[in-house]
S.K.: 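Below is the structure I would like to discuss, written out as structure tokens.
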There are 2 protein chains.
Amino acid sequence: MEEKINMLIEKGVVPTTQRLIVFQHLEESKTHPTADDIYKALKRRYPIFSRATVYNTLFIFKEAGIIQELTLDKREIHYDPIPSPHHHFYCKVCKEILNIAISCPVAKKREINGHKVEDVQSTFYGVCKRCLKH
Amino acid sequence: MEEKINMLIEKGVVPTTQRLIVFQHLEESKTHPTADDIYKALKRRYPIFSRATVYNTLFIFKEAGIIQELTLDKREIHYDPIPSPHHHFYCKVCKEILNIAISCPVAKKREINGHKVEDVQSTFYGVCKRCLKH
DNA sequence: TTATAATATTAGAACCATTCTAAATTTAAA
DNA sequence: TTTAAATTTAGAATGGTTCTAATATTATAA
Ligand SMILES: [Mn+2]
Ligand SMILES: [Mn+2]
Ligand SMILES: [Zn+2]
Ligand SMILES: [Zn+2]
């Protein structure tokens, strides 16, 4: 816990109780939850939790470079506890988002055609291995 | 106009007046408009045009493989008259979306880790050349 | 420590892109 | 022409996200 507090302080984020809870939840979840996924999960254990706090916290974390926003779903935003760019696979059937470990020169670019690159998102859309079987 | 009609028929889309107008507008616009961009532009010239028709038409076109949906903006969906996958640059300052011609093995994959790939989207986020100057 | 200012949290309202609905119109088939 | 199917339309409904203003917490000053 002490390490988590220091981690947030290092990134310039005031380590409030709520932020530590959200941070821990993101670390534990191996998925790419939406703000509402997080809200619902935390609301069960901490009924006082507010939806606005989840949104505020995710915004703060994103600004601090602790997490990254994934804008690959047309419905809602997903959050990724891994802030560095990597590829994803989005299953149109079960809606699951999987990390894809693939070496791609594109993911490391800091500049392209004179434009300054700050983030990269590469997403494959289709039907996942599991859904193909069913 | 005759060729546009045939193009739609070939793709299995009934070539109604409204669909031809939307199709022509997409072809002429070199940008990546949102549904509302298209609606507002067409509403000026054809005041009877309905917002629902724009959404319906874009859905039909996407299903037919005439256009592609870009889910790179967290606010709204953008539409691309070029249906084949290519990279984009999204400027966080002026919100412009630019095509990036770059050879990338990722854009051609039809399969990855056993998952069936149907679409690919690769987007760079940052500050465009023009905005860097200002 | 106590007082004061700044920041964070909360519940719920507001916003707005998108989807839905049901009636009217157009197109296709019989 | 008649009938059925598909399309268009205006506006309502939906739902994820943002905003608001009151309260609570944390940081700073005295
Ligand atoms: Mn990921
Ligand atoms: Mn494009
Ligand atoms: Zn799946
Ligand atoms: Zn720009």
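Residue numbers begin at 1 in each chain, while the letters A, B, ... track the order of the sequences. No experiment lies behind these values; they were computed from the predicted model shown.
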S.K.: Which one, C:dT10, C:dA8, C:dA11, comes nearest to the side chain of A:K43?
M.R.: C:dA11
S.K.: Starting from C1' on C:dT26, measure out to CZ on B:F49 and report it in whole angstrom.
M.R.: 14 Å
S.K.: Nearest-Å distance, CG (B:L58) to P (D:dT7)?
M.R.: 15 Å
S.K.: On DNA chain C, check which nucleotide each of B:R51 and B:P15 is closest to and give me the residue with the more 5' one.
M.R.: B:R51
S.K.: Whole-Å distance between C:dT18 P and B:L70 CG?
M.R.: 12 Å
S.K.: Can you identify which nucleotide, out of C:dT10, C:dT18, D:dT17, has its nearest atom closest to the A:A52 side chain?
M.R.: C:dT10
S.K.: Choose from C:dT9, D:dG11, D:dT8 the nucleotide whose nearest atom is closest to any side-chain atom of A:T53.
M.R.: C:dT9
S.K.: Please tell me if A:Q18 has a side-chain N or O lying less than 4.0 Å from either OP1 or OP2 of D:dT25.
M.R.: no
S.K.: When you compare the side chains of B:H32 and B:N99, does any donor N or O come within less than 3.5 Å of an acceptor on the partner?
M.R.: yes
S.K.: Measure from the side chain of A:T16, starting at C-beta and using heavy atoms only, and say which of C:dT9, D:dT7, C:dT10 lies closest.
M.R.: C:dT9
S.K.: What do you reckon, are the aromatic ring centroids of B:H88 and B:H78 less than 6.0 Å apart?
M.R.: no
S.K.: Could you check which of D:dT7, D:dT17, C:dT18 has an atom nearest any side-chain atom of B:R19?
M.R.: D:dT7
S.K.: Whole-Å distance between D:dG15 C1' and A:Y39 OH?
M.R.: 15 Å
S.K.: Round to a whole Å and report the spacing from CG of A:L20 to P of C:dT9.
M.R.: 10 Å
S.K.: Name the closest nucleotide to the A:V14 side chain, picking from C:dT18, C:dT10, D:dA27.
M.R.: D:dA27
S.K.: When the nearest nucleotide of DNA chain D is assigned to B:I60 and to A:A35 on a heavy-atom basis, which residue is associated with the more 5' position?
M.R.: B:I60
S.K.: Can you see if the side chain of B:K74 gets near the phosphate of D:dT18 - specifically, an N or O under 4.0 Å from OP1 or OP2?
M.R.: yes
S.K.: Could you check how far CD of A:E69 sits from P of D:dG16, rounded to whole Å?
M.R.: 16 Å
S.K.: For the NZ atom of B:K109 and the NE2 atom of B:H115, what is their distance to the nearest 0.5 Å?
M.R.: 12.5 Å
S.K.: Would you kindly give the CG-to-C1' distance between A:L8 and D:dT26, to the nearest whole Å?
M.R.: 15 Å
S.K.: Using only heavy-atom distances, determine whether the side chains of B:D37 and B:T34 contain a donor-acceptor pair under 3.5 Å.
M.R.: yes
S.K.: Base, sugar-phosphate, or nothing for B:N56, non-hydrogen atoms under 4.0 angstrom?
M.R.: base
S.K.: In whole angstrom, give the distance that lies between atom CZ of B:F59 and atom P of D:dT8.
M.R.: 14 Å
S.K.: D:dT9, C:dA11, D:dG16: which one has an atom nearest the side-chain heavy atoms of A:S50?
M.R.: C:dA11
S.K.: Give a yes/no on whether any side-chain N or O of A:R75 is located under 4.0 angstrom from OP1 or OP2 of D:dT17.
M.R.: no
S.K.: Membership question, hydrophobic clusters at under 4.5 Å side-chain separation (ILVMFWY): are B:I67 and B:V22 in the same one?
M.R.: yes
S.K.: Side chain of B:Y55 only, heavy atoms from C-beta on: which candidate in C:dG12, C:dA17, D:dT7 is closest?
M.R.: C:dA17
S.K.: Roughly how far, to the nearest 0.5 Å, is the CZ atom of B:F89 from the CG atom of B:L72?
M.R.: 11.5 Å
